[in-house]
Peer 1: 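Can you keep this structure in mind? I'll have questions shortly.
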Amino acid sequence: MLETTALHPAADPAESALRRVDAVIRERLSSRVALIDQISAYIVGAGGKRIRPRLVLLFAEALGFEGPERYELAAIVEFIHTATLLHDDVVDESALRRGRATANAMFGNAASVLVGDFLYSRAFQMMVSVNRMRVLDVLADATNVIAEGEVLQLMNMHDPDLAVHDYLQVIRYKTAKLFEASARLGAVLAGADAALEESCADFGRSLGTAFQLVDDLLDYEGNSDELGKNVGDDLREGKPTLPLLLAMERASAAERTMIRHAIEHGELEKLPEILAIVRRTGALDATRDAASAEAEKAQTALRALPASAAREALLELCVRSVHRSS
Ligand code: GRG
């Protein structure tokens, strides 16, 4: 079981720092080009949970770093995250994000990709201003791996025979890598030694994996209003995620054929039947169990940190990431 002492959101030590980060985000979004201002304000203004900046801030705080670079780095990881969302929604032809029409639906694919490029390159300008080679090293590596993950995922589309191991590799690359980098950067700022930095990175990798497992689960059992994006998108795209892979292992031959067909052809028509199979076979519960196991690994990695309010908030984040509905 995941354990933590109860932490009221108001007591989260990252809350006031996050307001500073939002100010940096607003300031650094500005461009001479009106369409960039308009689209970036549209997507950033829609909110988001700010998990990755929270990781930078909480690890920096847990390790005693209080310099202003933490706000800049927190904003940088949010810009990179937002750039990947803009690109991802084009690739996936998604229509809803953060409870609003996606930027691609509002402004078109070209504008969306290009503003993603702006945010991504602005993040690199900001990294240079932090003037630490390790920061550039960590983020250059992370962004490259994220792109590899997205291409691997593209290669796996419509493949009902995808191995769970290969599915996990994709989620470690496309999602967990930025969580890992965010946690690691808090440690880099604080000048942590190599072993401690690795423990922080381990936390981020495990939490990011848990987070994506839940994301894939919510695509079947979630509610579009709460999620702020359309459920069933993964099936529509023919994306073989863990709930489907596990359901196929456990279903009857006829049911397996139905799921295989849906993955191969990417169709929503059979969503209600497939959802019933995924539920009945326990594939959703098993996906949540896999997420819980990853979140527990993340919590174990936190033992390397001294006790503090920031460490408590990180423990709490593990619980919330598994038991979330948005
Ligand atoms: C620009 C470096 C770069 C790469 C482009 C398209 C692409 C390659 C990568 C996409 C990676 C991606 C979107 C992975 C999914 C990650 C994920 C779980 C997103 C949702 O995160 P939340 O729930 O979003 O934290 P909010 O809206 O709360 O911020």
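Read the numbers this way: they start at 1 and go in the same order the structure lists the ligands and their atoms. Because the structure is a prediction, the values reported are computed rather than measured.
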Peer 1: If you measure from the Lys or Arg side-chain nitrogens to the Asp or Glu carboxylate oxygens, is any gap between R20 and E15 under 4.0 Å?
Peer 2: no
Peer 1: Please work out whether any backbone atom (N, CA, C, O) or any side-chain heavy atom from C-beta onward of T175 is under 4.0 Å from ligand 1, and answer side chain, backbone, both or neither.
Peer 2: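 Looking at T175 and ligand 1, just side chain atoms fall under 4.0 Å.
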Peer 1: Given that the side chain starts at C-beta and the backbone is N, CA, C, O, which of these parts of R52 lies under 4.0 Å from ligand 1, counting heavy atoms, or is it both or neither?
Peer 2: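 For R52, the contact with ligand 1 is made by the side chain alone.
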Peer 1: Enumerate the atoms of ligand 1 whose separation from the nearest heavy atom of I146 is less than 4.0 angstrom.
Peer 2: 9 (C)
Peer 1: How are the rings of F107 and Y42 set to each other: parallel, tilted or perpendicular (split at 30° and 60°)?
Peer 2: perpendicular
Peer 1: Could you tell me whether D88 and K174 make a salt bridge, using a distance below 4.0 angstrom between a side-chain N and a carboxylate O?
Peer 2: no
Peer 1: Within 45 degrees of the ring normal and closer than 6.0 Å to the centroid, is that where the cationic atom of R19 sits relative to Y71?
Peer 2: no
Peer 1: Can you tell me which residue and heavy atom of the protein come closest to atom 18 (C) of ligand 1, and the distance to 0.1 Å?
Peer 2: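 The answer is Q212 OE1, 3.2 Å.
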Peer 1: May I ask you to identify, for E150, whether its side chain, its backbone, both or neither come under 4.0 Å of ligand 1 on a heavy-atom basis?
Peer 2: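 Near ligand 1, E150 shows its side chain, while the N, CA, C and O stay back.
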Peer 1: So between R97, H87, H81, whose heavy atom ends up nearest atom 29 (O) of ligand 1?
Peer 2: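 Looking at heavy atoms only, the winner is H81.
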Peer 1: Provide the number and element of each atom of ligand 1 under 4.0 Å from a heavy atom of R98.
Peer 2: 26 (P), 27 (O), 29 (O)
Peer 1: Thinking salt bridges, do R184 and D141 make one under a 4.0 Å N-O criterion?
Peer 2: no
Peer 1: Is it true that R280 and E255 make a salt bridge, defined as a side-chain N closer than 4.0 Å to a carboxylate O?
Peer 2: yes
Peer 1: Would E226 and S326 satisfy side chain to side chain donor-acceptor pair (under 3.5 Å), going step by step from the backbone distance to the final call?
Peer 2: CA-CA 6 Å; E226 269 184 83; S326 66; over 6 Å; no
Peer 1: Can you tell which of L85, V91, L178, I171 gets a heavy atom nearest to atom 19 (C) of ligand 1?
Peer 2: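 Looking at heavy atoms only, L85 sits closest to atom 19 (C) of ligand 1.
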Peer 1: Taking only heavy atoms of F211 into account, list the atoms of ligand 1 that are under 4.0 Å away from them.
Peer 2: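 Heavy-atom distances to F211 below 4.0 Å select 18 (C), 21 (O), 22 (P), 23 (O), 25 (O).
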Peer 1: Does a salt bridge link E180 with K177, judged by any charged N lying under 4.0 Å from a carboxylate O?
Peer 2: yes
Peer 1: How close does the nearest protein non-hydrogen atom get to atom 23 (O) of ligand 1, and which residue and atom is it?
Peer 2: K49 NZ, 2.6 Å
Peer 1: Taking all non-hydrogen atoms of both residues, which atom of V77 and which atom of P53 are closest, and how far apart?
Peer 2: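 What the structure gives for the nearest pair is CG2-N, 3.7 Å.
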Peer 1: What residue and heavy atom of the protein are closest to atom 2 (C) of ligand 1, and at what distance?
Peer 2: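 Looking only at protein heavy atoms, the one closest to atom 2 (C) of ligand 1 is Y120 CE1, 3.7 Å.
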Peer 1: Does the N or O separation between K174 and ligand 1 drop below 3.5 Å for any pair?
Peer 2: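 So ligand 1 has no N or O lying under 3.5 Å from an N or O of K174.
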Peer 1: Within the 4.0 Å heavy-atom shell around G48, which atoms of ligand 1 are there?
Peer 2: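 Listed by number with element, the hits are 26 (P), 27 (O), 28 (O), 29 (O).
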Peer 1: When you measure from atom 4 (C) of ligand 1 to every protein heavy atom, which one gives the shortest distance, and what is it?
Peer 2: T84 CG2, 4.0 Å
